[in-house]
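To start, the structure itself, in structure tokens.
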Amino acid sequence: MFTRLITIARCVLVAAGGWVATANADPYVSLSYGNALNATETITIEPDEDAHYEPITFEADFESRGLKLPPFYSFKLGWSYEPRQWRWEVELLHQKLHVPDEDLPPQLEHFEVTHGFNLFLFNLSHPLPNHDLRARLGVGTILAHPDIYIYDENGDPQLADPDKFGEIPGFLDDRYFFGGYALQGAVQKHWALSPRNGLVAELKLMHAKTRLPVYRGEVDVPNTAIAFLLGYEFGG
């Protein structure tokens, strides 16, 4: 999965290469790891007409479990413009949403969206008056992998039919679904180690929502979270 995402990122870079070269832009990359504190969300599973169950509603206290593999991470590819004020970025933010099994209603065996609840974001950033701080705004979409098990009529846990929304051939495995929206606002602190290298710390406020298939139904999965990440930036 990670290798395929890197391939997609390379395609984005190649497609943008000609435009970047003519715009006097300086490329950079950033990789950070961290964790998120998630708001409690009301989740409602809407059954199909032929489903054996009624709508299922519960309060989800999502956990990101950022220190467990695969980790919570952010990978950015960006371009800064002289005098290195404005920056355009493409960001992959690997969020994970787990609901502890003991907190689920009796109709569900398991509810998580990992690996993962991936946010693909297009960002614009600019320094704040203190040039060691940088503000960032982003908008994008979601690539989600739901692992949501609902008990069938026989009491056996079932996943959604992977063909319900269709597979994306040639790129991604079964049960990855594009859709929904993602928004973020962030502030980043930079500590220079050299003219083109540095450590970064970032505080993010994120909101995202997507609709996913479940066994004989669908569910809207919203997520509002505050995240903190530490990482390394090269270039720019």
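Computed from a predicted model, the values in this text were never measured in an experiment. Keep in mind that the numbers below use all heavy atoms, side chains included, and drop hydrogens, waters and symmetry copies.
- Looking only at side-chain heavy atoms (C-beta outward), F177 and P146 come within less than 4.5 Å of each other.
- Once rounded to the nearest 0.5 Å, the distance linking CD1 of I43 with CG of L108 reads 10.5 Å.
- Put simply, the side chain of Q95 reaches to within 4.5 Å of the side chain of M206, judged on heavy atoms.
- Cluster membership for L199 and F75, using ILVMFWY side-chain heavy atoms within less than 4.5 angstrom, is shared.
- D48 places no side-chain N or O within donor-acceptor distance of the main-chain N or O of A51, the cut-off being under 3.5 Å.
- Nearest approach of E109 to P157, heavy atoms of both residues: OE1-CB, 3.4 Å.
- For the pair D26 and R196, the salt-bridge criterion is met [side-chain N within less than 4.0 Å of a carboxylate O].
- Using a cut-off of 4.0 Å between Lys/Arg side-chain N and Asp/Glu carboxylate O, R211 and E218 are scored as salt-bridged.
- For the pair L137/F122, no side-chain contact is recorded, criterion being any heavy-atom separation below 4.5 Å from C-beta on.
- Ring-plane geometry between F120 and F178 is classed as tilted, the angle between the planes lying from 30 to 60 degrees on a 0 to 90 degree scale.
- The shortest heavy-atom contact between S74 and E91 is OG-OE2, 2.6 Å.
- Under the 4.5 Å side-chain criterion, counting only non-hydrogen atoms from C-beta, Q188 is not in contact with S125.
- The CG atom of L133 lies 5.5 Å from the CG atom of L128; values are rounded to the nearest 0.5 Å.
- What you find for G138 and L121 is that their closest heavy atoms are C-CD2, 4.2 Å.
- Atom CD1 of I56 sits about 10.0 Å away from atom CG of L104, to the nearest 0.5 Å.
- More than 12 non-hydrogen atoms from other residues, nucleotides or ligands lie less than 6.0 angstrom from CD of E153.
- By the criterion of side-chain heavy atoms lying less than 4.5 angstrom apart, applied directly or through intervening Ile, Leu, Val, Met, Phe, Trp or Tyr residues, F58 is grouped together with I150 in one hydrophobic cluster.
- Here the NZ atom belonging to K68 is positioned 8.0 Å from the CD atom belonging to E63, to the nearest 0.5 angstrom.
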Trace of the salt bridge (Lys or Arg N to Asp or Glu O under 4.0 Å) decision for D132 with K189: CA-CA 6 Å; D132 289 336; K189 170 74 173 177; 3.7 Å; yes

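- For the pair G198 and H190, the tightest heavy-atom approach, listed with the atom from each and the gap, is CA-NE2, 3.7 Å.
- Relative ring orientation between H94 and Y73 is described as parallel, the plane-to-plane angle staying below 30° on a 0-90° scale split at 30° and 60°.
- At a threshold of 4.5 Å between non-hydrogen side-chain atoms, the residues F72 and L93 count as touching.
- A salt bridge is absent between E89 and R134: the closest approach of a Lys/Arg side-chain nitrogen to an acidic carboxylate oxygen does not fall below 4.0 angstrom.
- Between R65 and E112 no salt bridge is recorded (no basic side-chain N to carboxylate O distance below 4.0 Å).
- Taking the six-membered ring where the residue is Trp, the centroids of Y181 and H207 are separated by under 6.0 Å.
- Between H126 and R87, every side-chain heavy-atom pair lies at or beyond the 4.5 Å cut-off.
- Residues V200 and S32 come closest through the heavy atom pair CG2-OG, 3.8 Å.
- Counting non-hydrogen atoms of other residues, nucleotides and ligands closer than 6.0 Å to CD of E102 gives a total above 12.
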Worked verdict on D156 versus Y151 for side chain to side chain contact (heavy atoms under 4.5 Å, CB included): CA-CA 5 Å; D156 297 319; Y151 290 110; 6.0 Å; no

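- Inter-residue side-chain proximity for T44 and V219 is flagged as unmet; no heavy-atom pair is nearer than 4.5 Å.
- How far CG of L229 is from CG of L31: 9.5 Å, rounded to the nearest 0.5 Å.
- Taken together through direct or relayed side-chain contacts under 4.5 Å among Ile, Leu, Val, Met, Phe, Trp and Tyr, L183 and F228 form parts of separate hydrophobic clusters.
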Derivation of the side chain to side chain contact (heavy atoms under 4.5 Å, CB included) call for V221 and F111: CA-CA 11 Å; V221 180; F111 192 108; 4.3 Å; yes

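- Among N223, T114, N38, the single residue meeting the side chain to side chain donor-acceptor pair (under 3.5 Å) criterion with S64 is N38.
- The minimum heavy-atom distance linking T141 with A182 is given by the pair O-CB, 4.1 Å.
- A single hydrophobic cluster is seen to contain both L193 and V29, as judged by linkage of ILVMFWY side chains at heavy-atom distances under 4.5 Å, directly or through other members.
- By the 4.5 Å heavy-atom criterion applied to side chains, E46 and P55 are not counted as neighbours.
- One distance of note links CD of Q158 with CD1 of I148; it measures 14.0 Å at 0.5 Å rounding.
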Derivation and outcome, ring pair (Phe, Tyr, Trp, His ring centres under 6.0 Å), residues F117 and F62: CA-CA 12 Å; F117 191 80; F62 288 125; 7.9 Å; no

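- Remark: E202 engages R136 in a salt bridge, criterion side-chain N to carboxylate O under 4.0 Å.
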Working for side chain to side chain contact (heavy atoms under 4.5 Å, CB included), residues L92 and N118: CA-CA 7 Å; L92 166 62; N118 299 287; 4.0 Å; yes

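- With ring centers used as reference points, Y215 lies 6.0 Å or more from Y149.
- Within a 6.0 Å sphere centred on CD1 of I226, heavy atoms belonging to other residues, nucleotides or ligands number 12 at most.
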Step-by-step side chain to side chain contact (heavy atoms under 4.5 Å, CB included) determination, L212 to T210: CA-CA 7 Å; L212 297 172; T210 190; 4.0 Å; yes

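- A side-chain contact (heavy atoms from CB on, under 4.5 Å) with Q184 holds for exactly one of N123, V139, L205; it is N123.
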